[in-house]
Amino acid sequence: MWNSLKTMWIIFLHMFHRRVTIEYPDEKPKIPPRWRGRIILSRDPDGEERCVACYLCAAACPVDCIALQATENEHGRRYPEFFRINFSRCIFCGYCEEACPTDAIQLTPDFEMGEYNRKNLVYEKEDLLIDGTGKYPGYNFYRVAGVAIGGKSKGEAEKEAPPVDPRSLLP
Amino acid sequence: MNEWTGIWANLILILAAVFAFSAMLSWIERRLLGLWQDRYGPNRVGPFGVLQIVADSIKLLTKEDWIPPFADRAVFVLAPAIVAVATLLAFAVVPLAPGIGVVDLNIGLLFFLAMSSLGVYSVVLGGWASNNKYSLLGGFRAAAQMLSYEVFMGLALMGVVMLAGSFNLRDIVAAQENLWFCIPQVLGLATFAVAGIAEARRLPFDLPESENELVAGFHTEYSSMKFGLFFIGEYVGITLISAMIVTLFFGGWLGPLLPPLVWFLLKTFIVIACFVLLRAALPRLRYDQLMAYGWKVMLPLTLVNLLITGAVVLSMA
Amino acid sequence: MKRAAPGVNTARVCKCEADVTTIHIDNRPYPAKDGENLLQECLSLGFNLPYFCWHPALGSVGACRQCAIKQFKNEEDKRGKIVMACMTAAKDGIRISIDDPEAREFRASVAEWLMVNHPHDCPVCDEGGECHLQDMTVMNGHVYRRHRGRKRTFHNQDLGPLVNHEMNRCIQCYRCTRFYRDYAGGRDFDALMLRDQVYFGRYQDGVLESEFSGNLVEVCPTGVFTDKTLKRHYTRKWDLQTAPSVCVHCGLGCNTIPGERYGTLRRIRNRFNGAVNGYFLCDRGRYGYEFVNSGRRIRQPLLRKHGTAPLQLASKRDALQRLGEILSSGARAIGIGSPRASIEANFALRTLVGRDQFYLGLSERDSRLLASILDILKKGPARTPSLHEVELADAVLVLGEDVANTASRLGLALRQAVRRQPEKMAIKMGIPLWNDHAVREAMQEERGPLFIATMADTRIDDIATRTFRGPPDELGRLGFAVAHALDPTAPQVPDLSSTIQTLAETIAEKLKAAERPLVISGMGCGDKAVVEAAANVAWALCNTGHAAGLCYAVPECNSLGAAMLGGDSLESALEAMDDGAVDTLIIMENDLYRRTDAAMVDRLLAVTRHIVMIDHIEHATSAKADVVLPAATFAEADGTLVNNEGRAQRFFQVFVPGNDIKDDIRGDVTGDIRESWRWLRDIIVAAGRGDDARWSSLDDVTAACARAIPNLEPILHAAPSSDFRIDSQKIPREPHRYSGRTAMHANVSVQEPEQPGDPDSPLSFSMEGYPGNPPPSLIPRFWAPGWNSVQALNKFQDEVGGPLKGGDPGERLIEPMQGKKVAYFQNVPGGFKPCAGEWLLLPMHHVFGSEELSILAPAIAELSPQPYLALNPADASDLGLAAGDEVQLHLRQRTDAPADGLTGTEPMATAEIYRLPVRFKPELLHGTAGLPAGLPGLGVLAGIALPAWGELKKAEKGIAEKGKAEKGKQVEE
Ligand code: SF4
Ligand code: SF4
Ligand code: SF4
Ligand code: SF4
Ligand code: FES
């Protein structure tokens, strides 16, 4: 009881404290880069789509608001045919970013995405894909992976030995 | 003729005043909360945001008035009306100042108790009619909470009645000419205030709607002005409880210099501010704590108060 | 390693008391099967012991060293030694430890070294999310890669349209070669190279020859072999909506798990059924599914305004209204059902038109064949075996059926059956049967007796003791001769050549000597004598005190079920039409042009005023209909099918077809696909006879059917009814990790649609529902905590490798009449006599191509042969033909009619001339030729009932060119 009264007194005294409110939108807030706001899909350092359509973000998403379909180009590089985030469902938890093995999906410090129509909160790949690498420069999944894609054959990835010739007689 | 005009004038003015005040209260509360939590509160619409309530009403009125297909329609629609009507009716007996007040009932206090307990039906029915587990749980909680706190709410006032020797609220105010009952009835005041907060489902006793676990409790499914009615009902409730506290324990309109009505309003406002402070400062109780608190602390306290008051009154007589 | 303490299956019942011993795992006693390998026993007891190379159907070889455990001498022994669980037999009192720190460390290090060369592929690996290697790595607790060196790499091979190859991911467990070579008899695939460079592939790029290559996808514990058709619309296991289903591409009724995403079928996986398909499917069943997504699907009702108007899109209401008008105008309608439609659909049609107006939709010859097979199975003393029982047979005669092509999975079962006799050697040598390599070493090339008498070479000839080639008549004679050799009271075959006589005696001797002899035949050569000869052989065995099995391959998924419903042939339908009292034809899920001569179908359709077609794909018959209603495929409907064993099995709807939301938004008429029985019910109602069919769910139809046809009563128990619940919950079709629920429709409407309800089954179209293991006939997928791959199946069996918990699904409808003597068939055919200038055209079945639906799947179509005519090279050179030349085929008219004594059908007026390229098949007898059965590229030729007589002539060059152009058109069609 005494505690409660003391609390009330302390809170009452806050009447005389300075207000900490930032008067958004007159005054723009400073948002840290790891803020979890609008989601983007980034590109690798070579300018190609980073997303390999592995579905991990979709599986991690607690509100199931990511839907995509994988496809491949003629050289075997996998990428999403479509990639949709329904931001009217997204809770900006960042699990998708945690799950992404390629650093493709990233949350950004942009939170100004209010819309009058829920429909406008459905973002397709065209709306999500940016031109840069986002927060994580440098990483290129296909340079590490063992699959061959256009311009990178077997044995040409990082730390790979040249392919075995199964017809060779040498041990 | 003249008498009727007076009553009608009283009625309409008080109704309007209560409505307006309750509406303003939502702004006042948010500003006050802002003040105590080092922020602003609504400050965009009109000077200091006073027109916030206008914006809110427009918003509420233009929102889709949705009745879930699985709800019990009739009850669903009725529920929010009950709370507003019941609390407003209770206001009828509150004496604002000599000559200002809707009716002068000699069982005023009982009428108030009766009306305020009607309010719980609204919550229970609303929760039940929504046909949704969160709402139903909210309704359950409201029912249990009312039941527990109603018990000592009435009892807490009996001390006052004993001292004043009347159920008529004007008589009770008049009886405080010399000494506000908050002094002799300090225990009664404390218990009544607690019960009142619980009755108005205000923090820290807002378990029926506790957002963290029940989404929005009994009014989860409500939208638009039906939700608005619950909202207004709550603010009218606060105003009512505050007005009652003032009437019963702080001498109502009594006070020097200033006109009685001003005194009454001033005191009421201060009590309301205390309620808001409570909300700003205290977290919500756990449900079992709430129950234990009601039955194990408040009820015995009220009974003790009753005994002492009884003894004192007896000995004085 | 985690031990699933609550899952430990201590209540396990061993069937044979004598077999049970007690083993001590981590100092606690458990019951185990004596002599079984410890890995299997630990898994059966519910322990999570990692493994790679062991497979319940392939046995143990101890190649991967993953299943290491500690074995102790006795209670005092604290040090113990590490052994491989899969290579150690459970002996009474044996003390082992799974949790021992050293064993755990050993296992973790195995995982680590397997990962040394493993590529960083999971995100783009199709195995991901159902990868046994992932599961085992997690189970072993190997999380951090210490090796910093280079990884070895391989080039991949192009293995054809079915299986994708990504060799980098191999962990050298040898499961693939052991399945492909040892189990399925493939020869074009092997383990090449040595040490950490072992390469699993073909000798050179090219299509995998075995029709079981698709099983590599499930057998391989990693992503080396993955489903290439899935790759084109890749979806992870956790995103697939799945339901228990039954394969519709042949008559064996293998159990499958089709998976759907975004409204299209994505893949088929094997659904273990210990009695039927066990762990494996054939490629037709696995890859034929894409017909469901075919552009030739009928998706909306079509109406013809008047006689010659084109078919136009119509709303469901208009179509039903039209049908109501037609049917209530007093006209009489006859219904043509289908052996590829479920029992319920056929029954609904029978209810609509009445029992006597219901026809089976087969040619006269096929109806009779089917009816006599059903009769033989019902009346005779020989039991029709399940596929599992086929595997247990120790002497087999295949009479007339090219099982590798018409019932492939049966061929795989035969490959196991020939091991039964030599296995006894291994047992005598004290080698437990699970010790795969040792058993195979002991057996060498030894094989049990298997005699294959067929029209042409088959792909299982390599395991045959003796083969015999000849046209159906000769095969029939051989069969009758065998029967006579077994039981002299069976009819004798006159004028038998001495070679056939000796062969028959050898066969009879081997069958007699066997414990579980088996005779296999079928409808493949379209000959009654063959079917009857097979029955005679089996009955002769039974009559002389040998419990023989008799197994007929039937062509379609519900051939026997349809036969049990009754109904006459198309020829009788035509007769009924000719009477003139009938003017409406309701055809359900049947392309009549594939059933019999085009001319006859033309006549049938021409005399009909209203033709109503209910089917899921467009074909020649549907093009002639006046009202076309879009039916659901197996993936969009529920129903019961009866396989060749007489086992009724329920298949369940996988997804709700059409995009309902799209309709709401656009307000047009797409997505009216519904189950055939629902259409038929609505027609019954529209015709004003609603009282006949107050069916609101499949259960109502099934119940009505069981009431009307007492023989079919057991179909009620083929699966739990739709009100079945566990903990008052339905069984979810979507896995609990199903993703994208709030986004997949968001492009159309941001409001999430309600989950569709399912009145027909205890499954729900949702991820909510009972999370545990459902009853065996309702298993929508194999998954268990920590076991994301198909290996989770272990958790669904009482005893790993044994039947599913609760018994293998399906209800047998046909049991033999034990002890009763039946009269032998007496119609011994005369020998085959070649006819100068004419050839007997024999049906050549093709696993890829001969079946109507699977050929619509692009991958299967790619593997199907082009139309050809096969000739003995000598015959060809007589005709002046070289390989690749074109031959002119002129069909003789209605050849088989007199044989069956059919009256009232006059011969066809004009016979057509066809042009086909020639192929050589040396095994064909002089005077016979082979024509591929049912290839769509053959056009109307696909409907000819083979065998049939035809004249052959060398096609002249100029005309040949024209012929080619024509054929090209046909193929396009
Ligand atoms: S932030 Fe969270 S809710 Fe939003 S898309 Fe990612 S995982 Fe889903
Ligand atoms: S997790 Fe990353 S790579 Fe995988 S689908 Fe999502 S965005 Fe693409
Ligand atoms: S085989 Fe398994 S572990 Fe290897 S890359 Fe594929 S999913 Fe990953
Ligand atoms: S390809 Fe697959 S099955 Fe074959 S050895 Fe490698 S990992 Fe094992
Ligand atoms: S499973 Fe035992 S060694 Fe491979």
Identify which part of [X] has an atom lying under 4.5 Å from any heavy atom of chain C, answering side chain, backbone, both or neither.
X        : answer
A:Cys65  : both
A:Arg89  : side chain
A:Asn117 : neither
A:Leu68  : backbone
A:Pro166 : both
A:Thr71  : neither
A:Arg118 : both
A:Glu160 : both
A:Glu81  : neither

Could you verify whether a donor N or O on one side chain and an acceptor N or O on the other, from [X] and [Y], lie under 3.5 Å apart?
X        : Y        : result
C:Arg266 : C:Thr264 : yes
A:Asp64  : C:Tyr738 : no
C:Arg236 : C:Tyr234 : yes

Handout entry: Selection from A:Ala58, A:Pro162, A:Cys57, A:Cys54 maximising heavy-atom pairs under 4.5 Å formed with chain C
Key =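 With the most close heavy-atom pairs to chain C, the winner is A:Cys54.
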Exercise for the section: With a 4.5 Å cut-off on heavy-atom pairs, point out which of A:Ala67, A:Ala157, A:Ala60, A:Ala53 contacts chain C the most. Expected result: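 Among A:Ala67, A:Ala157, A:Ala60, A:Ala53, the one with the most close pairs to chain C is A:Ala67.
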Handout entry: Geometric cation-pi criterion C:Arg187 and C:Tyr203, 6.0 Å radius, 45° cone
Key = no
Any salt bridge between [X] and [Y], counting N to O under 4.0 Å?
X        : Y        : result
A:Arg77  : A:Asp44  : yes
A:Glu72  : C:Lys231 : yes
C:Asp190 : C:Arg181 : yes
C:Arg146 : C:Glu112 : yes

Problem - chain C contact residues among residues 130-154 of chain A, heavy-atom distance under 4.5 Å - result: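 Listed by number, the contacting residues are A:Tyr139, A:Phe141, A:Tyr142, A:Val144, A:Ala145, A:Gly146, A:Val147, A:Ser153, A:Lys154.
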Handout entry: Residues of residues 167-174 of chain C within contact distance of chain A, non-hydrogen under 4.5 Å
Key = C:Asn168, C:Arg169
Practice task
Kindly determine whether A:Asp127 and A:Arg38 satisfy salt bridge (Lys or Arg N to Asp or Glu O under 4.0 Å), including the steps that lead there.
Solution key: CA-CA 11 Å; A:Asp127 313 318; A:Arg38 179 169 59 87; over 6 Å; no
